[in-house]
2 protein chains.
Amino acid sequence: MALTSILLQGRIACANVLSDLYAMGITECDNMLMLLSVSQKMNEKERDQVMPLMMKGFRDAAEEAGTSVTGGQTVINPWIIVGGVASVVCQPNDFIMPDSAVPGDVLVLTKPLGTQVAVNAHQWLDISEKWNKIKLVISREEVEQAYQEAMLNMATLNRTAAALMHKFNAHAATDITGFGIIGHARNLAQHQKNNVAFVIHNLPIISKMAAISKAGGNLFGLLQGTSSETSGGLLICLPREQAARFCAEMKSSRVGLSGAVGQDGGAGDGQQAWIIGIVEKGNRCARIIDKPRIIEVPYRGSVVSAQEGSHNNASPTEVQLTQQLSQ
Amino acid sequence: MALTSILLQGRIACANVLSDLYAMGITECDNMLMLLSVSQKMNEKERDQVMPLMMKGFRDAAEEAGTSVTGGQTVINPWIIVGGVASVVCQPNDFIMPDSAVPGDVLVLTKPLGTQVAVNAHQWLDISEKWNKIKLVISREEVEQAYQEAMLNMATLNRTAAALMHKFNAHAATDITGFGIIGHARNLAQHQKNNVAFVIHNLPIISKMAAISKAGGNLFGLLQGTSSETSGGLLICLPREQAARFCAEMKSSRVGLSGAVGQDGGAGDGQQAWIIGIVEKGNRCARIIDKPRIIEVPYRGSVVSAQEGSHNNASPTEVQLTQQLSQ
């Protein structure tokens, strides 16, 4: 693993830990603990090279979040593990209970899907049996780009989204991680006070990951929404009339948060967010429509060429809003 | 590993996590998280037998502590891991900053040392090369008893000690874990406001563990205080005139704490505590005297026979106090 990847790994772990707070609209974290396991299989040199970088990445992200790591624990283990705990003591109006979605709300997603596919495809570059299954739909260079894109997305804090949840009166939110978008959407739906159902029409996915998933025989169930994400975006129920402005502000700014962005893997100037579905009357369930629209999200390194290309991907938010509400 | 051992393992992990709060005199924990890794090497049946028991042990101990587990995380890993996080929001007078030892204080320890030796000796029952080195000083049955004693001690909460720290005006405390008693004593000494030194005269050790350590060639440095403890006792700096009463109350009661004790491995009616040293003027360091008195702490299963025996071990606290102050 390249050294920058290790640094990013630390950032990703921290972003993933903080995401649970952000999903409740909490923007300030009082305290973080870092949990590490050092692999017993590393020699001393590897250990001294890898672990400090991973810890630095974690601390950098904590700093970006305006908090700091005050403790933790390190153990020995066959595998490297990095994780943590984020905690805060806050006032009732600092957080948004994720239980107040109403029919008529729309669903917004703040990061594209496909991190599991991207990370696995990257590993398959060196496993010819696996690579042969997907090489017809993607080049090696694109796999590298998709992997970088996934790493950057995972390392991005959901803090801006948390702040904007207050500004635009979010009714409920969750962060997308191990159970995939449909798993977390179902869980969120189950916990609503009102009789609602979440219907997902659009799936924003890192470019070409949908094609890989199809080529591999519906790999990880990406198009069914079951593929795991790590440090995924927030899925937010917003009043319909607020959602487009939420997405526009996500893209344009970091809404005055103190977090300066390092040059070693932090978030970009702004984040794309997508309106991906609607809240209907229903039985506290969630589903993806039969043929969801796949939004191909271009790699940041290739944003210009993708926008100049003719394959109409990553449409403006307003267009999507109109389209999905008319479905 | 026997099933009761697995249950105890969960209890021990929880007691160990809570110990950091107890060392600051905090008796109430607001919230606990349980962190688990399930071994990928277990088959489904093993997993379904082992993990629920371990979780039950952890939860039982949390309940005994008057708190509960509200969340956590489970991952897959080659090894089983169990751990957690305990947190509390409290008032300044709920905790005791561990920085106010003064010359004239005495040092009290609330659990015997030797857990690492006991656990390892138990594993060596099945490794003839190792067993041959220690079999002259201990029987197989005694190893079993020492192991049970170590497990029970590790599973015992330091909560009573935390409560009594307030009653008897403790000046500072720490819990004894991975760095051994001398490591934690040094760390505590370094953080004192006053110019003090900690001098340890007595080492209460689970019976026969000192002999094993000697037979094995100073195994783990037990007699130098470097042997790791898991979920060890509190090392507390107490005003000299309060220490004997602290020990007496530790032994006699659970000072009105709500924690009921289950029949599956909880603490006993009361805990022995020992005055093990003194606080002198000094340079914020800690040491064990040249020939410390080894207090052989009998196995609970054999308390009666040990007390009736002629080998004067586990003397009453008052006697120890007189002895060590006259050294």
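Each chain gets a letter, A, B and so on, in the order the sequences are listed, and its residues count up from 1. Side chains are part of it too, since the values below use all heavy atoms of this structure and drop only hydrogens, waters and symmetry mates.
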> What option among B/P78, B/G83, B/S37 has the most heavy-atom pairs under 4.5 Å with chain A?
Replying inline: B/P78
> Would you find more than 12 non-hydrogen atoms of other residues, nucleotides or ligands less than 6.0 Å from A/F179 atom CZ?
Replying inline: no
> Looking at A/V85, A/I81, A/L35, A/N77, which has the largest count of heavy-atom pairs under 4.5 Å with chain B?
Replying inline: A/N77
>> Can you tell me how far apart CG (B/D20) and CD (A/Q73) are? Round to the nearest 0.5 Å.
In response: 8.0 Å
